[in-house]
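First comes the structure, then the notes that go with it.
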Amino acid sequence: MTAILEPTVDSGTTPTFDSLNPANGDVVGTYPIQGRAEVDAAVARAHDASAWWGGLTFKERGDYLLTWRSVITRRIAQLAELSHRETGKPHGDAQLEIIIAIDHIAWVAKHAKKILGPQKVSSGLLMANQASSVEYHPLGVVGVIGPWNYPVFTPMGSIAYALAAGNAVVFKPSEYTPGVGQWLADTFTEVVHGRPVLQVVTGLGETGNALCTADINKLAFTGSGPTGKKVMAACAQNLTPVLIEAGGKDSLIVDEDADLTKAAEAALWGGMSNAGQTCIGTERVYVHEKVFDAFVTEITEQAKDLRAGDDAGAKLGPITMPSQIGIIKSHIDDAIAKGATVVMGGSDAVGERFVQPTILTHVPENSTEMTEETFGPTLAINPVKSMDEAVELTNATSYGLAGSVFAKKNGVDIARRVRSGMTSVNSVIAFAAVPGLPFGGVGQSGFGRIHGPDGLKEFTYAKAITRQRMKPLMMLTSFARDAKTDNKALKLITVMHGGSKTLK
Ligand code: NAD
């Protein structure tokens, strides 16, 4: 390991925590548990740095971000190895996540000016003497709290977008992946010659709470719904705005005319990759009854060699967060107790560190396997009579993050009817790798957006400017306004808006 990966801990006084390799329990690194004083100090440094960073042109900031992108790209193997060790995910999966994140950094670096820079706005007839424009200013310091499941890609959706908009960032990575967070901040700091524009504070929930209540201008949270509620409550103390990217219970819908081989391949990847620990992962599958049996046969065949383990041949890693193992088992057990059919895996698939792929069919809709986020390598596959039923069942959840539809004829129509922030037709998770598209959910999956133009604006405030370019036709905003002017204004508005429109 090179020096950049080594956490610096004053072991004499600072309390610490260990980042463990979930595949074998080895210590990957030891990090300080930073408290209020350290978090406040980081935020104060960030305010100073934001004056410099926010004062740069979009081009200058873009150049720094593009340099960072190149550094990450050149050292991708190092970062992927660290992510592999902290999360347990296979090296190739860790690399794939970083590749997508790199593309996002490049996109924001190149698009921030067009989206956030000054734009002319029509002033309308009433204010025809004004030149109007809007531009989007940085908020100042953005706090980012991240999860462990995609420790590069997920927080990057907030970090890169907040930075490109001109903010400084203080990032609290998950306690399961502090090394990855530190690596990102260290490489960015290297690029900006030591300026604290992107800093990391490490620790557990209390460190996150200290960040929520520090002197920040916005908090971007990605994690579970229950923690999201605590984050909102803490941020409410200072009226700090929040962005919440929480969990999901996404479905993949298969219509009778779908390509079943491709649909099965996608469901398998969507449900099992990253050992099922994906916020936008497939947890439920609704298949048209006419092709249900064929689909189940196909996915079982495709899944036969898939397994979790710590060796090079295993395509699934361990469950990163030990406490999740009990939840996964309880969902499988609840489904079976309520009458689900086990096609593959089952209760015995749940080991101490690894969970083997589990496929269940005819899973009762009231079992936790269908109602709560499982976050493990399980798929619940149920037949439906029609696409109306598939949409109805898909939407019968308090979540609304993402989802997929496999269909030849009606894919996009079905996608529109799914109540979620993102849906891919005839693929899974594709939207996450399109930097120009917004990413986020509705309902218990959260609110606000990362990625795309919406994701950039999320870390700004809109600044409206009008410049009087000639004398007004009527002086409306003056105590000198007389009855004649009032009459003129009334006539104008009647001509403009007084006509009646026949409603059909
Ligand atoms: P989590 O809620 O346990 O933790 C998330 C982060 O919050 C961690 O950094 C943690 O230290 C911090 N935290 C804990 N208590 C806190 C408190 N009181 N105040 C402030 N911060 C606190 O989530 P997790 O287990 O790390 O991640 C898994 C969850 O994240 C899943 O529900 C998954 O669906 C969700 N997720 C969502 C998205 C998305 O974009 N919507 C992406 C990835 C993961």
Side-chain angles (χ1 to χ4, degrees), residues 17 19 22 31 33-34 36 39 86-87 97 100-101 104 143-159 161 170-178 180-181 200-214 216 219-237 240 242-250 274-283 319-325 327-328 372-376 398-403 420-422 429 431-432 438-451 455 458:
F17 68 102
S19 153
Y31 292 83
I33 298 178
Q34 295 180 315
R36 177 155 307 281
V39 171
E86 287 198 315
T87 64
E97 175 198 340
I100 301 172
H104 275 279
V144 174
I145 297 180
W148 46 264
N149 59 336
Y150 290 88
V152 178
F153 169 76
T154 294
M156 193 59 83
S158 297
I159 293 170
Y161 286 72
V170 178
F171 173 35
K172 207 298 271 175
S174 165
E175 50 273 44
Y176 293 97
T177 53
V180 170
V200 153
V201 289
T202 53
L204 317 178
E206 294 86 83
T207 309
N209 178 268
L211 185 56
C212 293
T213 47
I216 54 171
L219 192 287
F221 170 80
T222 309
S224 65
T227 311
K229 289 177 191 170
K230 291 184 196 164
V231 163
M232 270 185 87
C235 286
Q237 290 176 33
T240 300
V242 290
L243 161 83
I244 303 283
E245 297 284 354
K249 191 76 198 169
D250 295 349
N274 211 32
Q277 304 164 110
T278 304
C279 56
I280 48 173
T282 307
E283 300 226 344
I319 300 304
T320 307
M321 193 169 62
S323 58
Q324 196 65 25
I325 294 197
I327 295 172
I328 299 167
E372 290 173 20
E373 188 180 46
T374 305
F375 231 52
S398 54
Y399 294 107
L401 193 53
S420 74
M422 306 153 282
I429 308 178
F431 46 78
F439 185 107
V442 292
Q444 296 296 311
S445 293
F447 49 83
R449 292 293 181 267
I450 55 172
H451 300 176
E458 194 73 47

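Order of listing sets the numbers, starting from 1, for every ligand and every atom in it. Note that the structure is a prediction, hence the values are computed from the model and not measured.
Side chain to side chain, S445 and K249 fail the donor-acceptor criterion of an N or O pair below 3.5 Å.
S19 is linked by a side-chain contact (heavy atoms from CB on, under 4.5 Å) to V28, Y31, E86, P178, counting only residues two or more places apart in sequence or in another chain. Contacts of F221 classified as ring-ring contact (aromatic ring centres under 6.0 Å, His included), with partners at least two apart in sequence or in another chain: none. Taking the side chain to side chain donor-acceptor pair (under 3.5 Å) definition, one finds that E458 meets it with K218, sequence neighbours left out.
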Any protein N/O atoms within less than 3.5 Å of an N/O atom in ligand 1? List the atom names and distances, or say none.
{"residue": "ligand 1", "atom": "2 (O)", "partner": "S224", "partner atom": "N", "Å": "2.9"}
{"residue": "ligand 1", "atom": "2 (O)", "partner": "S224", "partner atom": "OG", "Å": "2.7"}
{"residue": "ligand 1", "atom": "2 (O)", "partner": "T227", "partner atom": "OG1", "Å": "2.7"}
{"residue": "ligand 1", "atom": "9 (O)", "partner": "G146", "partner atom": "O", "Å": "2.8"}
{"residue": "ligand 1", "atom": "9 (O)", "partner": "K172", "partner atom": "NZ", "Å": "3.1"}
{"residue": "ligand 1", "atom": "11 (O)", "partner": "K172", "partner atom": "NZ", "Å": "2.6"}
{"residue": "ligand 1", "atom": "11 (O)", "partner": "E175", "partner atom": "OE1", "Å": "2.5"}
{"residue": "ligand 1", "atom": "23 (O)", "partner": "S224", "partner atom": "N", "Å": "3.4"}
{"residue": "ligand 1", "atom": "25 (O)", "partner": "W148", "partner atom": "NE1", "Å": "2.8"}
{"residue": "ligand 1", "atom": "26 (O)", "partner": "W148", "partner atom": "NE1", "Å": "3.2"}
{"residue": "ligand 1", "atom": "30 (O)", "partner": "G223", "partner atom": "O", "Å": "3.3"}
{"residue": "ligand 1", "atom": "32 (O)", "partner": "E373", "partner atom": "OE1", "Å": "2.7"}
{"residue": "ligand 1", "atom": "34 (O)", "partner": "E373", "partner atom": "OE2", "Å": "2.6"}
{"residue": "ligand 1", "atom": "41 (N)", "partner": "A246", "partner atom": "O", "Å": "2.7"}

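For the atom pair CG (N149) and CD (Q324), the distance works out to 10.0 Å, reported to the nearest 0.5 Å.
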ring-ring contact (aromatic ring centres under 6.0 Å, His included) assessment of F431 paired with H451: CA-CA 10 Å; F431 46 78; H451 300 176; 9.3 Å; no

